[in-house]
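Not measured: the values here are computed from a predicted model.
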Amino acid sequence: MSLHLETDVLIIGGGLAGCWAAVAAARAGAEVVLADKGYCGTSGVTATAGPNHWWVPPDPEKRAQAVRDRDARAFGLADPRWMARIIDTTWRVLPTLADYYRHSVTAGGVPHYQSLRGPEYLRALRRYAETSGVRILDHSPALELLLHVDGSVAGARGLRRQGEGGDWTVRAAGVVVATGGCAFLSKLLGSRTNTGDGHLMAAEAGARLSGMEFSTYHTVAERHSTQTRSASYAFADYFDADGRQIDTGGSPDVTLPLARALLAGPVYATLARMPADLRAILPQIQPAILLPFQRQGIDPFTQRFPITLHGEGTVRGTGGLRLVDDDCQTDVPGLYAAGDAATRELIAGATSGGGAQNSAWAVSSGTWSGQAAARLARAQGRRAHQGVEAAGGAGLRPAAGALKDAAALTRQLTDGVRAEMLPYDKILFRRGPVLAQSLATLDGLWRDARDRLAPGAAATARVRAREAAALVACARWSTATALARGETRGLHRREDAPGLSPNLAHRLLTGGLDTVWVRADGTTQRSPTQRSNVA
């Protein structure tokens, strides 16, 4: 049975940023519908984590120093003004959750607002949204955006996977894309819904992306586990198969030496250096971190265990939809982006926003975009009486006729993306010729998706087909910008160009579907002498 709704604001995605956007829009007086691919309150990477937030008291010098420290690590691509905005908004907004979340309290009786327990955090946000009047559509993945004839967003269309099933269509004055990043099916815990769907939908409507080359963040985990809790591994020692200790260089970032060692053979770790007091409270801080060891009968504090590196793609990378104003609006009028769906270069530049900055970004960008969408609805109304057109293409409407075995093609596309975006020697140790070959392969996969990939009749098949198209699209944008950035800067490492290039001290924009393009974003030039030679 089809569901047709009209509303002021539609939020696509029910994770951290999506919930904050829904709350902000509703508290601003808008009627709000939130459509989540999974169950709002449990889906996404935050629900399995213990997020900390960038939390700086309202002392002018402390905040200025926090911005300077972060900007110094951003390789020239961040924006201090946005950092200051995020610190202020997070400080003001996060405590409003107190009626729905039981914060821990310091010895002095002060609520500890900045660090929260992921599962409880998302459940609290759901209650906050529902109490604010938000209508939530669970298990209702969006498939495509709807556009007015003038190119502005008109809503979205998707399907319902539970209950009576059927399609849903929501007409809205403003739409916020909060679908998370793209983890390229790396098996990172909580990331199964993070397949780049929002990126593709927005790009089909005319949006551009920024920072997609910074998609190489990896996190250590026990080899058979999807748990990536990097704090515990600050106390790890690593060994090769012969028992020789691996020199990680003394840096907190052990990704590169471990990746090189893993390319040569299995790597093992032990957490023997973790202090006894921290071991005792670890089950309370990170309840799930010890479960994989307990199930295998391993004591990680006295025994060595095999490890792997899970790629996080743009989840803890920085790339995403480019924002054109302080309201987090994309190039498409009325379409906003929040959280990991948007670029985080504004706060992180060429390095990861990690947990603290990314969580604060989700709170702030969600708040700004939700408020802006509500203002838009008040100003122009819903325009529901006007005709619209669907923007979706690959995975929905094959250009050359449907292939009979769509399931096989879907698997071929997803396997092809994983083969280009997950191997360490391709994603972490980039080289021009390898990137060019990957891009050619991905271009071929896109043609297959565009020409032959049909959604099928079953709900799961329709979702998987669209996910496959989005994965290919995100992989092409990431690879094309990595090829264009002929230097090593932050997360982006080129084996054939190991140094920084002054000619590339700016963000790179990318977009396009059948033909992917990359060009410099002139607004990020740090000096008038810095120019780009990227076409």
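A donor-acceptor pair is defined here as one N or O able to donate and one able to accept, closer than 3.5 Å; no such pair exists between the side chain of R223 and the backbone of P306. Between the side chain of E222 and the backbone N or O of S225 there is at least one donor-acceptor pair closer than 3.5 Å. W477 contributes a side-chain N or O that, together with a main-chain N or O of G512, makes up a donor-acceptor pair within less than 3.5 Å. Under a 3.5 Å cut-off, the side chain of T216 and the backbone N or O of I427 do not form any donor-acceptor pair. A donor-acceptor contact shorter than 3.5 Å is absent between the side chain of S359 and the backbone of A356.
One finds a salt bridge joining D88 and R92 here, because a Lys/Arg side-chain nitrogen approaches an Asp/Glu carboxylate oxygen to under 4.0 Å. Note on R466 versus D197: no salt bridge recorded, every NZ/NE/NH1/NH2 to OD/OE distance being 4.0 Å or above. Using a 4.0 Å cut-off between charged side-chain N and carboxylate O, R157 and E144 make a salt bridge. Electrostatic pairing of K37 and E467 counts as a salt bridge here, judged by a charged N lying under 4.0 Å from a carboxylate O. The pair D167-R462 meets the salt-bridge criterion, with a side-chain N (NZ, NE, NH1 or NH2) lying under 4.0 Å from an Asp/Glu carboxylate O.
Taking the ring axis of Y39 as reference, the NZ or CZ atom of R126 stays within 45° of it and closer than 6.0 Å to the ring centre. In this structure, R85 satisfies the cation-pi test against W368, with its NZ or CZ atom closer than 6.0 Å to the six-membered ring centre and inside 45 degrees of the ring normal.
Crowding of K426 atom NZ: a count of heavy atoms from other residues, nucleotides or ligands under 6.0 Å exceeding 12. Atom CZ of R27 sits in a sparse spot, with 12 or fewer heavy atoms from other residues, nucleotides or ligands closer than 6.0 Å.
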Go through it in stages, so that I can follow the logic: the residues are E213 and S478, the test is side chain to side chain donor-acceptor pair (under 3.5 Å), and I'd like the CA-CA distance, side-chain angles, deciding distance and then a yes or no. CA-CA 5 Å; E213 69 272 36; S478 296; over 6 Å; no

Let me see the working for S352 and L491 under side chain to side chain contact (heavy atoms under 4.5 Å, CB included), right down to the final yes or no. CA-CA 7 Å; S352 174; L491 290 173; 4.3 Å; yes

Take R117 and E120, measure what salt bridge (Lys or Arg N to Asp or Glu O under 4.0 Å) needs, and give me the verdict at the end. CA-CA 6 Å; R117 301 171 294 276; E120 296 169 54; 2.8 Å; yes

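For the side-chain hydrogen bond (donor to acceptor under 3.5 Å, both in side chains) with R208, the qualifying choice from T510, D331, T343 is D331, the only one to do so. A salt bridge (charged side-chain N to carboxylate O under 4.0 Å, His left out) with D8 is found for exactly one of R135, R382, R375, namely R382.
Put simply, OG on S369 and CD1 on I11 are 6.5 Å apart, with the number rounded to the nearest 0.5 Å. Between F184 atom CZ and T195 atom OG1 the span is 10.5 Å, to the nearest 0.5 Å. Separation of atoms CZ (R102) and CG (L97) is listed at 13.5 Å; rounding is to 0.5 Å.
A ring-centre distance under 6.0 Å is found for H53 and Y121.
Aromatic ring pairs are classed by plane angle as parallel below 30°, tilted from 30° to 60° and perpendicular above 60°; the pair Y128 and W20 is perpendicular.
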